[in-house]
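Working notes for the structure below.
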Amino acid sequence: AQCGKNTEAADLFRQMRLKGIKPDVASWNALIAGHAQHGNGEAARQTFEQMQHEGFKPNTYSWNARIAGYVEHGEFQKAVELYGVMLQEGVQLDVSTYNAMIAGYSQHGSMDETLKLVKEMYRVGLKPDTSTWTAVLSGFARLGQKEEALRLCQEMEQSGIELNSTVWNAMIAGLTQNGHLLLAYDVFQHMQRSGPKPNAASWTALISGFAQNGHVATGLELMRQMKERGLVPDVATWTILVAGYAHEGSLESSLELFSQMQQEGIKPDVIAWTSLIGGYAKNGLLKEALNLIEKMQKEGVEP
RNA sequence: CCCUUACGGUUU
């Protein structure tokens, strides 16, 4: 279900019942989560209905899975509605329910609502965890409210909340998305000195900041440093640089990097190919773009 | 116990 093979999951579910094994709530939830995580909110809803017809009452996990699915796939309004129904029906909320909603509000830049929910968590006796704070922090950082973001970091440290790599990464990513490149770089260096070891996502967030703001060469240099520290750039890291060159019209460099990525054993996915092809298409080289699409398909990647 | 929540790439 988590791999998006919902038909196969449903099949297994059927076989399970044919063999006389009764699915429990967790089995139903796995199906719901599979649909929800892959953007199929409607199928998730149907499964949710179906389980009720068969006498199972959805639990907090069932509701959370659907809400989180809507948030992750940009259907936040539906998440809000479902959350409303959940409240009406008196279903017990847990930290994950709040975290999903907080992530949604924060992603939409509604920081007032975000903080309101955090307060509410305390009021109902739930303790915000690292995920909660990461979501809040990420919102401030993306909005470019760096003072709030940095203050929140300090408060987290003082409250004894572990600043794991996702917290640092959220900060770095948010800042770079706002063009605060040097501050992001400062935070990154701070992380290297006194935080967890930067992982691929940390480096990639930083690299994207430079590459997407006209500093592709700096991005390349950072990737070199990343390798030097023993990390292997993955397809996301390479794609940023391929896209960076494609975007500035340096098609040869773009293609060269793309080939280098393949030589280093990274298999380009549809996003990597699209980044490369986009460069040709936007520069009016349609024939080359079409050829690349063909080549992509020959290598087993579907547009 | 298994199922839900936070961080990076293309089209955005």
Side-chain angles (χ1 to χ4, degrees), chain A residues 1-2 9 23-37 44 47 51 58-72 74 79 86 93-104 106-107 117 121 126 128-139 141-142 161-177 184 188 191 196 198-209 211-212 219 223 226 233-244 246-247 254 261 266 268-279 281-282 303:
Chain A
Q2 287 187 354
D24 61 8
V25 180
S27 326
W28 284 100
N29 286 349
L31 279 185
I32 293 171
H35 286 124
Q37 281 168 17
T47 309
M51 84 185 270
N59 63 13
T60 302
Y61 281 175
S62 330
W63 291 85
N64 287 355
R66 290 187 61 200
I67 290 178
Y70 284 135
V71 171
E72 193 182 337
M86 197 177 173
L93 308 186
D94 68 4
V95 174
S96 297
T97 319
Y98 278 100
N99 284 355
M101 292 303 296
I102 285 170
S106 166
Q107 279 164 24
L117 280 183
M121 284 179 84
L126 291 173
D129 62 9
T130 304
S131 301
T132 319
W133 293 118
T134 307
V136 178
L137 178 68
S138 173
R142 269 193 303 257
I161 293 163
E162 186 211 347
L163 297 190
N164 63 20
S165 46
T166 49
V167 180
W168 288 90
N169 292 355
M171 184 78 174
I172 294 164
L175 291 173
T176 59
Q177 281 163 28
F188 182 82
M191 180 183 186
N199 59 20
S202 330
W203 283 94
T204 305
L206 188 66
I207 290 170
S208 78
Q212 289 172 358
M223 183 167 79
M226 175 181 178
D234 63 13
V235 65
T237 318
W238 285 97
T239 301
I240 290 165
L241 297 167
V242 168
H247 190 76
S254 179
M261 164 175 76
I266 308 291
D269 59 12
V270 67
I271 300 182
W273 281 100
T274 305
S275 307
L276 176 71
I277 294 166
K282 284 176 196 150

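In the text below, chain A, chain B and the rest are named by the order of the sequence lines, each starting its count at 1.
- Rounded to whole Å, atom C1' of B:C3 lies 9 Å from atom CD1 of A:I32.
- Annotation: side chain to side chain donor-acceptor pair (under 3.5 Å) contacts of A:Y70 (sequence neighbours excluded): none.
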Between protein and nucleotides 7-12 of chain B, map the contacts as a letter string: B base, S sugar-phosphate only, - none, heavy atoms under 4.0 Å, written 5' to 3'. BBBBS-
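- The NE2-C1' distance, from A:H35 to B:C3, rounds to 14 Å in whole Å.
- Atom CG of A:D94 is separated from atom P of B:U5 by 11 Å (rounded to the nearest Å).
- For A:L126 and B:U5, the CG to C1' distance is 12 Å, given to the nearest whole Å.
- Counting to the nearest Å, the P atom of B:C2 and the OH atom of A:Y61 are 8 Å from each other.
- Taking atom C1' on both B:G8 and B:U4, the two are 23 Å apart, rounded to the nearest angstrom.
- When each of A:T134, A:N199, A:T204 is checked for a side chain to side chain donor-acceptor pair (under 3.5 Å) with A:N169, only A:N199 meets the rule.
- For A:A9, the side chain to side chain contact (heavy atoms under 4.5 Å, CB included) partners at least two apart in sequence or on another chain are A:A1, A:L31.
- For A:S96, there are no side chain to side chain donor-acceptor pair (under 3.5 Å) partners at least two apart in sequence or on another chain.
- For A:W63 and B:U5, the CH2 to P distance is 17 Å, given to the nearest whole Å.
- Going from the C1' atom of B:C3 to that of B:C7 covers 23 Å, rounded to whole Å.
- Under the side chain to side chain donor-acceptor pair (under 3.5 Å) criterion, A:S275 pairs with no residue at all, not counting sequence neighbours.
- Between the CG atom of A:L31 and the P atom of B:C2 there is a distance of 18 Å, rounded to whole Å.
- Listed by chain and residue number, A:N29, A:N59 satisfy the side chain to side chain donor-acceptor pair (under 3.5 Å) test with A:S62 (two or more places apart in sequence, or in another chain).
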